[in-house]
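First up is the structure itself, then whatever we jot down about it.
The figures that follow rest on heavy atoms only: side chains count, while hydrogens, waters and symmetry mates do not. A note on names: the letters A, B, ... follow the listed sequences, proteins ahead of strands, and every chain is numbered from 1.
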Amino acid sequence: MNNRRTLILSVILFLTAINFFYILWFYESYRYLPPPFIFDKENTFMDFYNTLYWSGQDGIYSAWQSVYPPVNFQFLKIYQLLFMEESHGIGDGFDIRQKLGVNIYPLIAIYIASLFIAVRIGFKKLLSIKIQLIVFLICLFSPPFLFAVERGNLIILAIPVLSWYMFSKSQVSRSLALALLVNLKPYFVILFIIKFLNVKSHKENEDFLFLAPVLSMIIFFVTGLMLNQEFYLMPINLLGFATNSTLLSPSDVLSFPSSIAAVSYLRGLITEYKIPPFIGYLAKLIIYVYIIKSIILIYKNKVDFNDLSIFSIILITNYSVSTGGYGILYYIPVIGLLYQQKNYSLLTIIISSMYIGIWDLIPIYHYSVADMNVYLSGDFVRVEPYITLGSIIRPLANFVVLVLFFRILKERYLYEKT
Amino acid sequence: MKKLKISLKELILLIILSASIGSFLFLNYSNKIKLEIKAMQGYAIAENFCENYTYQKIGLSYDGIDEALNLSSKSYGVIKVLFKKNLGIYEISINGVDGEEQQIVEEANRILEKISELELTNFNRFYKSIRIHCKSNDFAVFKLSPIEKINNYQPIKKIKLINLLLLFIYPLIILYLFIISYKFIFKK
């Protein structure tokens, strides 16, 4: 059994490595990163540098209308204190990147360390250290991790905290983990909401249900006060971001989607065919039907904590495109839970569709060519973007995971009861 | 509901502590002022004439502006000068306290004058002497379009009253949450 598992993981690592070396080869040949990396090649690491710029400005929540909770900016201030010289008089995010670009390496090291910690927490009681290392390497070379690194998005900091939340046994510890998560990315409040909706387990979870919101608010107010900005505007900005789909460009959304809701952006990208708008609404309707059915089931039955956590991540990555394709990284601790449950079919779907990058070697649709500066290589090149097969497989597979997990919940809690 | 309750002693302690912290924060921030000035960079402009030159507009922004301005520390707060390349705009912001308004306005104008001088140096060095012979006469190709303030009337900003009042409320909320969570965790 162990030998078979090692063999399977080694094959997965081999396939993931093929994609990784393809990316290196493509970059060497064409001087830019291939799809599914973002079309705008001048924008590398700008999620980090833009946020870093604003961390030293007034008007984070009024002028920039940020949706990042204050903890993110506090992290950036500490990062700057430890690893960079003063950047706040240099210019905007692009200027800071130009003058202090070399200071990105500690951030990449933090990303790699976060990934390693997430894998260790999730798998230390399940797998030997050798196998954990293989899992770590698979995640390290996987498209969602590389994509998140290229963006410089702080989402990666949430992965080890998510592992801590899912594998913690103490309710106080879980509450603190969730409080941190919600203050890193507000949509993690879904983890709390799903637990709250599971009314039949309230008695066992009453410590968590009380402490998690209290600790979340403490972190929010303390870090907000330290930031000395109008952080009370953050929830209002969040509402605007969630409801305003024009903030995201079609090429950005479709390069690395995790949800089939992304199909509504096809109309903005594909010009050769007229795509009816109802396709987007239909996709969202189907997603919501399964989400609502699952929530009703959770409401009416006493559901295990692990199942609630798994469903919460499936919901976060499926319900909208606003979480971004790198939300697939949240499946890292979920893989640990599924392995614990011996749910090999879901494991296979998740790993083969979302973490093996070979699907991105196959282009499906080419769109507008453009000449542009590439930050990484410093060259001015002709970029020929395309949607990859991976960008179609990932959201479809994620939807299949939603459907299958709903069926698992039904079998486990509805049919077993009867 | 029991978990949200605090005793009278705890309430008094809460009020005293949050009032103290709130007062300290209020006094710290209530007298802070800020002036922001924006100015469009100067340009060397060549207009189409003699059918030899098409219209050109070249920014005169000075590289290494921080060093050139020699922004030494002043007795009043922080001075920031940014040049936003993509917009061609200088942003000068100076923080200070009540009573320093005139000095801050003078300093901001001094900085703007200095930037204007630096741009003029750029223009004189690289563009002024470019001439073209046309129709039996010599003409200078480039004209100077000097730096121009965008927001001519920009009042000195103070921290909003609502934000100042919230400085009393935040410590109250934080301390209350601390008390109820502490009691919950350690007295169970």
Please work out which of the three classes, parallel, tilted or perpendicular, describes the rings of A/Phe220 and A/Phe231, given edges at 30° and 60°.
perpendicular
Keeping [X] on the side-chain end and [Y] on the backbone end, is there a donor-acceptor pair under 3.5 Å?
{"X": "A/Lys185", "Y": "A/Leu181", "value": "no"}
{"X": "B/Lys128", "Y": "B/Phe142", "value": "no"}
{"X": "B/Glu119", "Y": "B/Ser116", "value": "no"}
{"X": "A/Asp379", "Y": "A/Val381", "value": "no"}

Run the side chain to side chain contact (heavy atoms under 4.5 Å, CB included) test against A/Ser66 and tell me which residues pass, sequence neighbours left out.
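So A/Ser66 forms a side chain to side chain contact (heavy atoms under 4.5 Å, CB included) with A/Ile60, A/Tyr61, A/Trp64, A/Tyr68, A/Phe73.
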[X] portion near chain B, given a 4.5 angstrom heavy-atom threshold:
{"X": "A/Leu211", "answer": "side chain"}
{"X": "A/Phe210", "answer": "side chain"}
{"X": "A/Gln229", "answer": "neither"}
{"X": "A/Val172", "answer": "side chain"}

Got a sec, which residues hit salt bridge (Lys or Arg N to Asp or Glu O under 4.0 Å) with B/Lys34, two or more places apart in sequence or on another chain?
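B/Lys34: salt bridge (Lys or Arg N to Asp or Glu O under 4.0 Å) contacts with A/Asp58, B/Glu36.
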Chain A neighbours within residues 9-20 of chain B, where any heavy atom lies under 4.5 Å away
none
Using a 4.5 Å heavy-atom cutoff, which residues in residues 160-170 of chain B come close to chain A?
B/Lys160, B/Ile162, B/Asn163, B/Leu166, B/Leu167, B/Tyr170
Side chain, backbone, both or neither: which part of B/Ile173 has a non-hydrogen atom closer than 4.5 Å to chain A?
side chain
Whatever's closer than 4.5 Å to a heavy atom in chain A on B/Tyr29 counts as side chain
Can you name the closest pair of heavy atoms from A/Leu33 and A/Lys41 and give their distance?
O-NZ, 2.8 Å
Closest non-hydrogen atoms of B/Asp98 and B/Ser30, given as atom of the first, atom of the second and distance, are OD2-O, 4.4 Å
Can the ring centroids of A/Phe83 and A/Tyr79 be said to lie less than 6.0 angstrom from one another?
yes
Examine A/Phe94 together with A/Tyr53 and report whether their ring centres are nearer than 6.0 Å.
no
Do A/Lys195 and A/Phe208 form a cation-pi contact, if we require the NZ or CZ to be under 6.0 Å from the six-membered ring centre and within 45 degrees of the ring's axis?
yes
